[in-house]
Asks: 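Let me give you the structure first, and then I'll get to my questions.
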Protein chains: 2
Amino acid sequence: MVTLKDISRDVGLSITQVSRALGGHTDVNAATRERVQLAATRLGYRPNAIARSLKTGRSGIVAMIVAGSRDPDSNAHLFEIVMGLSAEISALGLQFVLHVGQPGADVVKLHTELYRSGGIDGFVIIGPSPADPRIKCLTDLGAPFIVHGRDPEQPHPFVDIDNFDVGRTMADHLLSLGHRRIAFLNGPLSEFFAIQRQRGVDAAFAAHGLSVDPALMRSITMIEPQGRSAARDLLQLDNPPTAIIAGNTMIARGVYHAAADAGVSIPGDLSVLAHDDGLELFPAAGFEPPLGGTSAHLSAAWISLSADLKQIIAASKTPMHNRILDLTFDKGSATQSILVDRSMPVGP
Amino acid sequence: MVTLKDISRDVGLSITQVSRALGGHTDVNAATRERVQLAATRLGYRPNAIARSLKTGRSGIVAMIVAGSRDPDSNAHLFEIVMGLSAEISALGLQFVLHVGQPGADVVKLHTELYRSGGIDGFVIIGPSPADPRIKCLTDLGAPFIVHGRDPEQPHPFVDIDNFDVGRTMADHLLSLGHRRIAFLNGPLSEFFAIQRQRGVDAAFAAHGLSVDPALMRSITMIEPQGRSAARDLLQLDNPPTAIIAGNTMIARGVYHAAADAGVSIPGDLSVLAHDDGLELFPAAGFEPPLGGTSAHLSAAWISLSADLKQIIAASKTPMHNRILDLTFDKGSATQSILVDRSMPVGP
DNA sequence: CTGAAAGCGCTTACAG
DNA sequence: CTGAAAGCGCTTACAG
């Protein structure tokens, strides 16, 4: 490995001066600087990241720790998160450590030990639950971190979208078209984003002087098979919904399949909207008829998240750096007006 | 941050002795050792990974660098690779850095710079192409690494399966049942594993005194949509295949869909086999009728790969550490015998 | 069994 | 504009 000492010997200058020349300091003779830089290039010098870290107290490494899981469901989403995040973090000149724990590992302990061992500048937290122990732990440690999403129970830096608005916007559109029997295939209510979306849906109904039918509100794992079976269920009701709001495009795909299976036509018999995270593997674009709904690309979140985390690390005193990303809405094929509520009590 | 100095002050011993006590050296008084360990636990001491790295010349970090890609196709597989690899590497007490480059980034340069900067002990290379520049680069650098798969043009440590046997086994089974018009939906022939599988298929035909119909050998991107369209194509031939070998379960899913679309019954009209990588997101288990074929779980590869890489790093002189993992075969629903070749020239 | 010293490769006051 | 020195936190001969 080529070190400053090698260059120093090569050009006949002190290590100090070589360091300064390479570091771009002003108090170095221009000719000297050039001579040093040439030698560094010729010898293939790369500053030793370890030594620099020890001196500066910063490693340039950020980590994400995820609990291991034999459950592919919970992983489907994770893929795009990991790839997108890594790409953005790498682009910022930082290294991204992905630590996949053993199933059942103590994630809080992993964060603590990794941080205490001094090699990690900061952390990314995804999928926070209310009163998330990881957030509490990192806050107590004074470790820099940023959260994708929000924990309503404790203050922390985050990047998120307005999930209340997600639910409200889609429900409002359908209500405005005259739909009354609207189902919502929401994510797990243990997570704040799902709670907020439900609140948004509730609020849209309230704004129309109505209230939701609890039997049409479902909380499911957000993947295609679950969406399909939940939709099959809904379509078999005596009084089936005329519209379904899906929490993401994977659920929506399940809804499309279930509708086809049941001989229910979209958008003729059933309007479908979904929130679109802009996932590459599960694009909203492939649907026939077109899938409408709210949209906020996760890729934008990774860019913000990485940049904000870098700044938080540099600031060293964690600022409450919050950011709400934009949301767009497209009605897709959900343009079917319903003049009279089709739903009527059905006699036995 | 708690350092040796803090413990040293706390217990009234030299830093040297504290280090030895914690390091589990024998030449330390048992009572002293206990006292030191207690203090370390009480103060929440974790050895500073950076300092240790600088001293020992080893960071405990291994990296995988993948070219960024806006193409989801190439990513589908990567997910399970990344998660599985990270889990195994983490389990071994190493850190796993995932570096996703910008689209079009110079991957060789990234490896070089990352290694030269001294923070990385070794690398994992996946999906090698013949005469792979990454392998050449790391070999030249003298950097420890291991490859999943093989580059036939240069020697290097690897973990792989016998892909010749994959092709040979599946083709032989079908030939033995009497099938003659056998299609093969293979992966890209730019990769050695696909070349080997083709050779295996060729060899099985040769062993039966036959040779393949080049029109039935297809090289495609190994995902469902491509498998589906390739299979649709094959089933529309004047003289369609009676059996299809799929390179993986995603392709097989496409074949099942295409068969359903075309009204072709499996296994009545068409036998299907596939190689199964044991992917969680694309399980071979969900098929109806059951999907047979060769099988080698990637999860086993990650375990071997991680353990071997750790050993290579420790040895510091890269040994040619090669490993061929086991393959199993199950015929699934592909039990349909064909007494006479159904294929006959069809007049215009 | 214990401690003082050197050194991993770098950065950065401090002194010239 | 340049250099000698200290120090980041650790490990490890070397000497007692």
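Labels below follow one simple rule: chain letters A, B, ... track the order of the sequence lines, proteins then strands, and each chain is numbered from 1.
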Asks: Is it the case that over 12 heavy atoms from other parts of the model lie below 6.0 angstrom from the CD atom of A:E113?
Replies: yes
Asks: Quick one: does any side-chain atom of B:R150 pair with a main-chain N or O of B:I161 as donor and acceptor, under 3.5 Å?
Replies: yes
Asks: Between CD of B:Q37 and OG1 of B:T32, what distance do you get to the nearest 0.5 Å?
Replies: 11.0 Å
Asks: Can you tell me which residue among A:F123, A:W302, A:F193, A:F192 is in a ring-ring contact (aromatic ring centres under 6.0 Å, His included) with A:H148?
Replies: A:W302
Asks: Output the residues of residues 5-14 of chain A in contact with DNA chain D, where contact means a heavy atom of the residue under 4.0 Å from an atom of the strand; sort by number or write none.
Replies: A:L13, A:S14
Asks: Taking any heavy-atom pair under 4.0 Å as a contact, classify B:N29: base, sugar-phosphate, or nothing.
Replies: sugar-phosphate
Asks: Side chains of A:I61 and B:I61, heavy atoms from C-beta outward: is any pair under 4.5 Å?
Replies: yes
Asks: Would you kindly give the CD-to-P distance between B:Q17 and D:dG9, to the nearest whole Å?
Replies: 21 Å
Asks: Could you state the interatomic distance from OG (A:S90) to NE2 (B:H99), rounded to the nearest 0.5 Å?
Replies: 4.0 Å
Asks: Without decimals, in angstroms, what is the distance between B:R33 CZ and C:dT2 P?
Replies: 10 Å
Asks: Whole angstrom is fine here: how far is it from CE in A:M1 over to P in C:dG7?
Replies: 19 Å
Asks: Do the side chains of B:R323 and B:D160 get close enough for a salt bridge, i.e. N-O under 4.0 angstrom?
Replies: no
Asks: Between the protein and nucleotides 13-15 of chain C, which nitrogen or oxygen pairs come in under 3.5 angstrom?
Replies:
unit_1	atom_1	unit_2	atom_2	d
C:dA13	N6	A:R20	NH1	3.3

Asks: What's the spacing between B:T16 OG1 and B:L4 CG if we round to 0.5 Å?
Replies: 9.5 Å
Asks: Identify whether any heavy atom of B:T3 sits under 4.0 Å from a base atom; if not, whether one sits that close to sugar-phosphate; answer base, sugar-phosphate or nothing.
Replies: sugar-phosphate
Asks: Any pair with a residue in residues 126-143 of chain B that passes salt bridge (Lys or Arg N to Asp or Glu O under 4.0 Å), sequence neighbours left out, goes on the list, sorted by first then second residue, please.
Replies: B:D132-B:R134, B:K136-B:D140
Asks: Whole Å only: how far is the CZ atom of B:R35 from the C1' atom of C:dC1?
Replies: 13 Å
Asks: Among residues 41-56 of chain B, which residues get a heavy atom nearer than 4.0 Å to DNA chain C?
Replies: B:L54, B:K55
Asks: Just to be sure I understand: a Watson-Crick pair is purine N1 to pyrimidine N3 plus N6-O4 or O6-N4, both under 3.5 Å. Using that and G-U wobbles, which stems of three or more pairs involve DNA chain C?
Replies: C:1-3 with D:14-16, C:5-12 with D:5-12, C:14-16 with D:1-3
Asks: Over how many whole Å does the gap from B:I15 atom CD1 to D:dG7 atom C1' extend?
Replies: 12 Å
Asks: Does B:Q154 have any side-chain hydrogen bond (donor to acceptor under 3.5 Å, both in side chains) partners at least two apart in sequence or in another chain, and if so, which?
Replies: B:D151
Asks: Between D:dT11 atom P and B:D27 atom CG, what is the distance in whole Å?
Replies: 14 Å
Asks: Taking the side chain as every heavy atom from C-beta outward, state whether B:I120 and B:V62 have any atom pair closer than 4.5 Å.
Replies: no
Asks: Nearest heavy-atom pair of A:I312 and A:P144: which atoms, and what distance?
Replies: CG2-CB, 3.8 Å
Asks: Just N and O in the side chain of A:T32: are any of them under 4.0 Å from OP1 or OP2 of D:dT2?
Replies: yes
Asks: Hey, are the side chains of A:N48 and B:S117 touching, using non-hydrogen atoms and a 4.5 Å cut-off?
Replies: no
Asks: Could you state the interatomic distance from CG (B:L98) to CD1 (B:I65), rounded to the nearest 0.5 Å?
Replies: 9.5 Å
